[in-house]
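Quick notes on the structure that follows.
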2 protein chains.
Amino acid sequence: MAQKVKLSTIADELGVSTATVSLALRDSPLVADVTRNRIKETARDLGYIYNRRAASLRTSRSGIVGVCVHDVMNPFYGEILKYVEHELDRRRQTFILSNHYDDLSKQRAFVDTLLQLGADGLILSPAVGTPAADIKLAEGNDLPTVLIARTIEGAGVCGFRGDDAFGMALAVDHLIGEGHREIAMVGGTPQTSTGQDREAGWRTALLKAGIEPRPEWRIEGPRSRDAGFQAALGFARLERRPTAAVCFSDLVALGFMYGLARAGLTPGVDVAVVGYDDIEEAEIATPSLSTVSNGQAEVGHRAAGALLDRLSGNPASDETVLIKPVLRMRDSSHFAGRLPLGTSG
Amino acid sequence: MAQKVKLSTIADELGVSTATVSLALRDSPLVADVTRNRIKETARDLGYIYNRRAASLRTSRSGIVGVCVHDVMNPFYGEILKYVEHELDRRRQTFILSNHYDDLSKQRAFVDTLLQLGADGLILSPAVGTPAADIKLAEGNDLPTVLIARTIEGAGVCGFRGDDAFGMALAVDHLIGEGHREIAMVGGTPQTSTGQDREAGWRTALLKAGIEPRPEWRIEGPRSRDAGFQAALGFARLERRPTAAVCFSDLVALGFMYGLARAGLTPGVDVAVVGYDDIEEAEIATPSLSTVSNGQAEVGHRAAGALLDRLSGNPASDETVLIKPVLRMRDSSHFAGRLPLGTSG
DNA sequence: CTGAAAGCGCTTACAG
DNA sequence: CTGAAAGCGCTTACAG
């Protein structure tokens, strides 16, 4: 390529100042219509490319928002991100994505990069063990932060997530209503607020129904499809196998159903299964997966909205918004032990 | 926060010049050890944050690589990106991700953003209909580009993808070997090189075996799990239903199997199914999904490697590298019509 | 081994 | 309505 085209190239070409060119390209009313049109035309003809680094150095606004989650391949996060992306697109913000895989040092490296780039904001689903100080560091260096899916005690920023204890109780109550008395919980760890709250919801709902959960009903750990699959292989061999299982997530539940089938059991008939999140796949899985909707759309929209609001100068909030989950009854739990598969509507 | 800490803050604090501070922080051997250590310590104490915008404006290197694919939630792309991410991480490059959803204007907006940010390179799985001129525009503005998964005639850049025609022929040959004579192909569109090549592989393999594909065997369109599911519902009702189906992707195949089951058919017994890509889920699906491995790891690694090589000054190549696919035989096709499910190893 | 100075390409008061 | 000039925070010859 030839010489780089910059504001002054255009200015020289037309015999005006760079100030005028700058204003014209950003549609300032200070510039006369004729001038603006000539400038825009020339910019196009010369193949001018706006240099955001230079502009951002001057204005200390970068137009960049960072987004960091456990893993974008997990449909739960993927679905949230769709909505975040949509909202940021509308406001012409560039978004930079990173997975942290619950590795604190990876998350820190990313936040550091954002600070170095002068990013305007951060939407974060914090890695396991993130201290409140990490959030304060970001905020203290002019990086407004909004939390999603998980929240942190004392971080002092706003966050959006589902009411996990309530949601898991919905799932358990439903299974009890279907006649189950032995209900396992598969997956999740007590290291995240999500894991703690969902386990608490499961335990509390059982106790409230007068059922004492047996230790072997709690299968801790699985958070992926594959781990759910592996858990089912063990579950199938349990001497006194529970008749139902609530899973930490739909991903775990879908893997769990694959695993049950692999072990020769029919999910929804031999074992009732309920997931969590209501990802898109839940509806087409066969049997279709009963689950608890976890408000991905609302989390994504509102988190992006809250951040953008703050970027336009509105005061910061430090409120954690709990979104009410809703039970979605489907075939994996509803007809358990009563009808064969494929006969439902 | 207080005053922003910059190079000159540190320089003033220690009574040295900003040049020395700059050199010291980047470990230049020009700076004496004592000086360097004092500088680094002070930088840490003051909470100095490197301003990459300013540096990049000066050096015209940004450390940013853009990555743009159809949809990161699609595990095929997700798996490629894992490897790209890993490679870029190792070389301390920031990567910016975007979906284009096969929307050319979204892709263009992203490339434009990269140009404005002075990104160092682009890894692209081009949207349907991307003209070679779009790639040349990027290249012409100092944005080296590497293509993945799909390639573009005449773009003059290097690319990495699977040998789709060969791979699909492997799948069809396998089914013919299992005794099938009526083999549908579900999903994909002739608007992408991938769609064309896989359809050609299917058609050619059938003809070579003396089988004339009937028009209704070609179910064009589906490229998502949900579309695969819907297609199966129609497929199940076909008057003269093929005994086997090769699918455009594993995602389509997995949805297709859900759909068959929903329609009361047993995938792998009533209908043999083969996918394409060999995503992680293929192995745990039940029945496990026969498929064609599509080299996500190799595509991701080599594409990132090729780009980074070029960034370190190596000459550009314009070669398209075809990665040889491998058939993975599993239960969804291998035991069709012979054994009931769940009895296999 | 260290410092003074120019410059990367913008935007923003300020003056006219 | 337009222009001259300063400055955002770095890096890089160049001089010493």
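Just so we're on the same page: letters track the sequence lines, and every chain starts at 1.
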| message | At a heavy-atom distance below 4.0 Å, what parts of residues 29-54 of chain A sit against DNA chain C? | response | Tyr48(A), Ile49(A), Tyr50(A), Asn51(A), Ala54(A)

| query | For Tyr83(B), does the OH atom have more than 12 heavy-atom neighbours from other residues, nucleotides or ligands under 6.0 Å away? | reply | no

| Arg26(A)-Ser22(A) side chain donor-acceptor pair, cut-off 3.5 Å | yes

| query | To the nearest angstrom, how far is Leu57(B) atom CG from dG9(D) atom P? | reply | 12 Å

| task | Can you tell me the distance, in whole Å, between the CG atom of Leu23(B) and the C1' atom of dC10(D)? | result | 12 Å

| Roughly how far, to the nearest 0.5 Å, is the CG atom of Leu308(B) from the CZ atom of Arg310(B)? | 12.0 Å

| remark: Out of dG3(C), dC10(C), dG7(C), minimum distance to the side chain of Thr20(B) belongs to dG3(C)

| task | Answer yes when Asp103(A) and Arg108(A) have at least one side-chain N-carboxylate O distance shorter than 4.0 Å, and no when they do not. | result | no

| task | Could you tell me whether Lys106(B) and Glu85(A) have a side-chain N and a carboxylate O separated by less than 4.0 Å? | result | yes

| message | Rounding to an integer number of Å, can you tell me how far Leu14(B) CG sits from dG3(C) P? | response | 10 Å

| field | Out of dT12(C), dC8(C), dC10(D), whichever nucleotide has its closest atom nearest the side chain of Ala19(A) | value | dT12(C)

| task | Starting at atom CZ of Arg26(A), determine the distance to atom C1' of dT12(C), rounded to an integer number of angstrom. | result | 9 Å

| query | Would you call Arg302(B) and Glu319(B) a salt bridge, using N to O less than 4.0 angstrom? | reply | no

| Contact class for Gly118(B) (heavy atom, under 4.0 Å): base, sugar-phosphate, or nothing? | nothing

| query | So does Ser22(B) get a side-chain nitrogen or oxygen closer than 4.0 Å to the phosphate oxygens (OP1/OP2) of dC10(D)? | reply | no

| message | Looking only at side-chain N and O atoms, does Ser62(A) offer a donor or acceptor that is under 3.5 Å from a partner on Arg53(A)? | response | no

| query | Are any of the side-chain nitrogens in Asp71(B) or Lys82(A) under 4.0 Å away from the carboxylate oxygens of its partner? | reply | yes

| In whole angstroms, how far is the P atom of dT11(D) from the NZ atom of Lys6(B)? | 14 Å

| task | Enumerate, in order of first residue number, the stems that involve DNA chain C, defined as 3 or more consecutive Watson-Crick or G-U wobble pairs with both distances under 3.5 Å. | result | C:1-3 with D:14-16, C:5-12 with D:5-12, C:14-16 with D:1-3

Sub-3.5 Å pairs of nitrogen or oxygen atoms, protein against nucleotides 14-16 of chain C:
none

| query | Taking it one step at a time, do Lys6(B) and Asp12(B) satisfy salt bridge (charged side-chain N to carboxylate O under 4.0 Å, His left out)? | reply | CA-CA 10 Å; Lys6(B) 44 192 174 179; Asp12(B) 290 355; over 6 Å; no

| request: Report yes if at least one side-chain N or O of Ser17(A) is closer than 4.0 Å to OP1 or OP2 of dG3(D); otherwise report no. | output: yes

| message | Could you tell me how far apart Ile10(B) (CD1) and dT11(D) (P) are, to the nearest whole angstrom? | response | 11 Å

| field | Separation of dT11(D) C1' from Arg61(B) CZ (nearest whole Å) | value | 15 Å

| request: Quick one: pull up CG in Leu147(A) and CD1 in Ile123(A) and give me the separation to the nearest 0.5 Å. | output: 10.5 Å

| remark: Interatomic distance, OG@Ser56(B) vs CG@Asn51(B), rounded to 0.5 Å, equals 9.5 Å

| query | Is there a donor in the side chain of Asn99(B) and an acceptor in the side chain of Tyr101(B), or the other way round, less than 3.5 Å apart? | reply | yes

| request: Please report, rounded to the nearest Å, how far the C1' atom of dG9(C) is from the CG atom of Leu25(A). | output: 13 Å

| Is there a side-chain polar atom (N or O) of Thr59(A) under 4.0 Å from OP1 or OP2 of dT11(C)? | no

